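What you are looking at is a predicted structure, and each value in this text was computed from that prediction instead of being measured. Heads up: numbering here begins at 1 and tracks the sequence.
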Amino acid sequence: MLAFAGAALVGRERIRIGRLEWGLLGSFAALSFWIAASAIWSDNQSASLLEGERAVVYLSGLAAILLVAERPAIIQLIGGIVGAVMLVCGYSLALRAFDSNALDPAEGDLLYKPIGYANALGILAAIAIVLAVGLMLAVQTRLARALLLGSLAIFFPALYLTSSRGGWVALAAGLVVFVWCLYGTCAGRC
């Protein structure tokens, strides 16, 4: 991902990233540095460094998306993310419906597969709900809107069956930011 970001920096004559995107990238870089720096005071330095490495992977993915993806392709990128999360949540729901050995000693009857952690699956479903709702306003065709509306029939049960409080909080926060971007002070910039 860093190679893609670097190629975009070198190969493009002009990089079209606004202050909001640079702020997001800088904030995420500061968070990644903070996570890696926590190894200094951590009891488990190797685990802290591993989390720092994981944060750098997320940072490089964000940089690649911001530097490589053109503005018109953002809708297709977000549609791909919604589709991928729909496959993950749909697979999880199918496992629950058709697998009699779906219970786990740690997770109990929560929906957690294939990710392995119910809260992570719930937060992923919540993010996809916000993205799908946003895409419904952005796409032009009725078929695309119908498909996005149908994806909610997979995301909401997945979120509910994870019993993820973090997922519900993420959904509420995402919808508040979404409404703020539509009608608030940042309307037109988001």
Side-chain angles (χ1 to χ4, degrees), residues 1-40 42 47-89 114-117 119-139 148 151 155 158-159 162 164 166-182 184-190:
M1 288 184 277
L2 284 175
F4 284 125
L9 282 173
V10 172
R12 290 209 173 146
E13 293 178 17
R14 183 168 180 246
I15 297 175
R16 293 181 172 104
I17 294 182
R19 289 186 305 186
L20 189 63
E21 288 89 358
W22 280 116
L24 176 66
L25 198 58
S27 299
F28 212 91
L31 176 65
S32 300
F33 175 77
W34 182 259
I35 291 170
S38 71
I40 296 170
S42 175
S48 296
L49 288 174
L50 193 61
E51 290 299 321
E53 289 175 6
R54 189 173 295 129
V56 169
V57 170
Y58 298 145
L59 175 64
S60 65
L62 177 63
I65 288 171
L66 291 176
L67 294 171
V68 173
E70 295 284 333
R71 286 276 181 192
I74 294 294
I75 290 179
Q76 288 85 4
L77 177 69
I78 294 173
I81 292 169
V82 169
V85 176
M86 187 172 65
L87 288 174
V88 170
C89 290
I115 293 180
Y117 184 50
N119 278 327
L121 184 62
I123 292 170
L124 190 65
I127 291 169
I129 290 169
V130 174
L131 291 176
V133 169
L135 274 181
M136 276 192 270
L137 296 176
V139 296
L148 289 164
S151 72
F155 297 141
L159 177 58
T162 61
S164 172
W168 289 106
V169 169
L171 176 62
L175 291 176
V176 165
V177 169
F178 178 74
V179 169
W180 179 66
C181 283
L182 279 179
T185 57
C186 79
R189 289 186 288 172
C190 293

When the side chains of residues 27-36 are checked against the rest of the protein, which donor-acceptor pairs come out under 3.5 Å, sequence neighbours left out?
{"from": "Ser27", "atom 1": "OG", "to": "Gly23", "atom 2": "O", "distance (Å)": "2.8"}
{"from": "Ser32", "atom 1": "OG", "to": "Phe28", "atom 2": "O", "distance (Å)": "2.9"}
{"from": "Ser32", "atom 1": "OG", "to": "Ala55", "atom 2": "O", "distance (Å)": "3.4"}

For residues 172-179, tabulate all N or O donor-acceptor pairs below 3.5 Å that involve a side-chain atom, not counting sequence neighbours.
none

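With sequence neighbours left out, Thr162 forms a side-chain hydrogen bond (donor to acceptor under 3.5 Å, both in side chains) with no residue at all.
Note: Leu59 CG to Glu53 CD = 13.5 Å, rounded to the nearest 0.5 Å. Note: Met1 CE to Phe4 CZ = 10.0 Å, rounded to the nearest 0.5 Å. Atom CG of residue Leu49 and atom OG of residue Ser38 lie 8.0 Å apart, to the nearest 0.5 angstrom. Residue Ile65 holds its CD1 atom at 11.0 Å from CG of Leu25, rounded to the nearest 0.5 Å. Rounded to the nearest 0.5 Å, atoms CG (Leu87) and OG (Ser151) are 11.0 Å apart. Note that CG of Leu131 is 13.0 Å distant from CE of Met86, once rounded to the nearest 0.5 Å.
Nearest heavy-atom pair across Ala39 and Ser48 is CA-CB, 3.6 Å. Here the closest non-hydrogen pair linking Val85 and Ala128 is CG1-CB, 3.5 Å.
The side-chain heavy atoms of Leu124 and Leu159, taken from C-beta on, include no pair separated by under 4.5 Å. For the pair Leu148/Val133, no side-chain contact is recorded, criterion being any heavy-atom separation below 4.5 Å from C-beta on. Between Leu62 and Leu66, some side-chain heavy-atom pair lies under the 4.5 Å cut-off. Two residues are said to be in side-chain contact when any heavy atoms from C-beta on lie closer than 4.5 Å; Val82 and Phe155 meet this criterion. Val88 has its side chain within reach of Leu121: a pair of non-hydrogen atoms, C-beta onward, lies under 4.5 Å apart.
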